Protein chains: 2
Amino acid sequence: MNKAKIKICSETAVDHQKVRKVAQSLPPENEIVSLTETFKILGDPTRLKIVLALAREELCVCDLATLFSLSVSAISHQLRLLRGMKLVKYRKVGKMVYYSLDDEHIGGIIQLAHIHVREIP
Amino acid sequence: MNKAKIKICSETAVDHQKVRKVAQSLPPENEIVSLTETFKILGDPTRLKIVLALAREELCVCDLATLFSLSVSAISHQLRLLRGMKLVKYRKVGKMVYYSLDDEHIGGIIQLAHIHVREIP
DNA sequence: TATATGATTGAATAATTGCTCAAATGTTTG
DNA sequence: CAAACATTTGAGCAATTATTCAATCATATA
């Protein structure tokens, strides 16, 4: 019931056939939203750095805070988001919590994007 | 001169050797920022849909507005950002402006992320 | 030339977000 | 048990942002 035709442009400007064809070829809305959530979580320097660091070494919250000169709280907040997206896992050892990457794909996605940005100049 | 040691955690908690090692292995700051900009621009449903649509067909602003039931203005604003990132190119034909994808990598990045989100359940 | 139309732009607004600060948890150890 | 410490959490705040609205630009055509 959301598919009602809303008139946005004059009929002459819109190529309805093309529009319909493209509409059918797009992924479903829920997949698009999941995709954007994946990209969004990598779209912040702090979080991306955390992911890159954890891809190399298992680190505790203090290590990450020191590494990026940020407060422990700020790191912890971001780790919570990364946990929510199941991108990182953790291991408790006494008071300390060691985080590491928990995703096989994210590394490849970042690597591909890295190739991309290197070619931009 | 920004490397000054800021004390964040007690010395015992931080594994300075590991931190130093990871710090050296990370990409330079400017590349990280470029990476986040790439991910950020894909991290919005409207923009991602535009990119996905333009990857399939060359479309005018009205086509896109109709396709996603959004105002021409909203689409145009987003297209401006995509132009700024050189992800789309355009072709003027009279009053109309036809947009299409202008990047070889973005498709692969989205495709890889798509595989990722499909495996999440 | 005047009008209509596709597109762009700038200002305004509401929503989101990343960080700080303060307080709370959980665990170790004196 | 109390103090210290690593971490988490929630509230608050400043900055960013996606959309709308109104105005403007550019082109076609009547």
Side-chain angles (χ1 to χ4, degrees), chain A residues 6-15 19 32-33 36-37 39-51 54 58-85 88-100, chain B residues 6-15 19 32-33 36-37 39-51 54 58-85 88-100:
Chain A
I6 298 156
K7 208 168 289 173
I8 291 156
C9 297
S10 96
E11 291 306 305
T12 54
V14 181
D15 185 332
V19 168
I32 295 203
V33 171
T36 60
E37 280 167 358
F39 289 129
K40 199 181 288 185
I41 205 150
L42 299 175
D44 171 77
T46 300
R47 278 194 301 268
L48 183 63
K49 285 186 211 170
I50 291 174
V51 169
L54 295 183
E58 185 189 56
L59 295 167
C60 71
V61 181
C62 267
D63 288 339
L64 289 165
T66 304
L67 181 50
F68 303 128
S69 298
L70 278 172
S71 73
V72 165
S73 177
I75 296 289
S76 188
H77 276 295
Q78 299 296 2
L79 284 170
R80 195 171 67 83
L81 297 177
L82 293 169
R83 276 193 325 259
M85 294 280 293
V88 303
K89 62 182 178 227
Y90 59 96
R91 179 171 71 91
K92 292 192 182 184
V93 179
K95 300 182 277 191
M96 324 256 309
V97 180
Y98 289 97
Y99 282 86
S100 55
Chain B
I6 299 156
K7 207 169 288 169
I8 291 157
C9 296
S10 97
E11 290 306 306
T12 55
V14 180
D15 186 332
V19 168
I32 296 207
V33 171
T36 60
E37 280 167 358
F39 288 129
K40 200 181 288 187
I41 204 147
L42 300 175
D44 171 79
T46 300
R47 278 194 302 267
L48 183 63
K49 285 186 212 169
I50 291 175
V51 169
L54 295 183
E58 185 189 56
L59 296 167
C60 71
V61 181
C62 265
D63 289 339
L64 289 165
T66 304
L67 181 50
F68 303 127
S69 298
L70 279 171
S71 71
V72 166
S73 177
I75 296 289
S76 189
H77 277 293
Q78 299 296 2
L79 284 170
R80 198 172 63 85
L81 296 177
L82 293 168
R83 276 192 326 256
M85 295 280 293
V88 302
K89 63 180 179 231
Y90 60 95
R91 180 170 72 91
K92 293 193 182 185
V93 179
K95 301 184 275 191
M96 325 255 308
V97 180
Y98 290 96
Y99 282 85
S100 55

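Order of the sequence lines sets the chain letters (A, B, ...), proteins ahead of strands, with each chain counted from 1. Worth saying up front: this structure is predicted, and the values here are computed from it rather than measured.
In this structure, the CG atom of A:D63 is 8 Å from the P atom of D:dT7, given to the nearest Å. Nucleotide D:dT17 holds its P atom 10 Å from the CD atom of B:E37, rounded to whole Å. Straight-line distance from the OH atom of B:Y98 to the P atom of C:dG6: 11 Å, rounded to whole Å. Atom CG in A:L64 sits roughly 17 Å away from atom P in C:dG18 (whole-Å rounding). If you measure from atom CG of A:L82 to atom P of D:dT8, you get 12 Å, rounded to the nearest angstrom. The CG-P distance, from A:L70 to C:dG18, rounds to 12 Å in whole Å. In this structure, B:K92 places its NZ atom 11 Å from P of D:dA28, rounding to the nearest Å. Taking atom NZ on A:K40 and atom P on C:dT16, their separation rounds to 9 Å, with Å as the unit.
Residues A:L64 and A:L54 form a side-chain contact, since some pair of their non-hydrogen atoms from C-beta on lies under 4.5 Å apart. In this structure the side chain of A:Q78 never reaches within 4.5 angstrom of the side chain of A:L70, judged on heavy atoms.
Rounding to the nearest 0.5 Å places CG of B:L48 at 11.0 Å from CD1 of B:I41. One finds the CD1 atom of B:I75 at 6.5 Å from the OG1 atom of B:T46 (value rounded to the nearest 0.5 Å). Once rounded to the nearest 0.5 Å, the distance linking CZ of B:F39 with OG1 of A:T36 reads 13.5 Å.
At D:dT7, none of the side-chain N or O atoms of A:S71 fall inside 4.0 Å of OP1 or OP2 (strictly under the cut-off). At D:dT19, one or more side-chain N or O atoms of B:Q78 fall inside 4.0 Å of OP1 or OP2 (strictly under the cut-off).
One end of the helix from C:dT1-D:dA30 to C:dG30-D:dC1 points its axis 10° away from the other end's axis, with each axis taken from 5 pairs and the angle rounded to 10°.
What you find for B:M96 and B:C60 is that their closest heavy atoms are CE-SG, 3.8 Å. Shortest non-hydrogen contact noted between A:V14 and A:C9 is CG2-CB, 3.8 Å. Across all their heavy atoms, A:V19 and B:L67 have their closest contact at O-CD1, 3.7 Å.
Looking at B:E58, B:R91, B:R83, B:K89 one by one, the single match for side chain to side chain donor-acceptor pair (under 3.5 Å) with B:Y99 turns out to be B:R83.
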* For side chain to side chain donor-acceptor pair (under 3.5 Å), just list the numbers for B:S71 and B:S73, CA-CA rounded to whole Å, side-chain angles, deciding distance to a tenth of an Å, and then say yes or no. => CA-CA 5 Å; B:S71 71; B:S73 177; 4.8 Å; no

* Let me see the working for B:Y98 and B:V93 under side-chain contact (heavy atoms from CB on, under 4.5 Å), right down to the final yes or no. => CA-CA 7 Å; B:Y98 290 96; B:V93 179; 3.9 Å; yes

Pull out every protein N or O sitting under 3.5 Å from an N or O of nucleotides 8-11 of chain C, one pair per line with the distance.
unit_1: C:dT8; atom_1: OP1; unit_2: B:Y99; atom_2: OH; d: 2.4
unit_1: C:dT8; atom_1: OP2; unit_2: B:S76; atom_2: OG; d: 2.9
unit_1: C:dT8; atom_1: O5'; unit_2: B:S76; atom_2: OG; d: 3.4
unit_1: C:dT9; atom_1: OP2; unit_2: B:R83; atom_2: NH2; d: 3.3
unit_1: C:dT9; atom_1: O4; unit_2: B:S73; atom_2: OG; d: 2.7
unit_1: C:dG10; atom_1: O6; unit_2: B:H77; atom_2: NE2; d: 2.8

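The stretch residues 44-51 of chain A does not touch DNA chain D, since none of its heavy atoms comes less than 4.0 Å from the strand.
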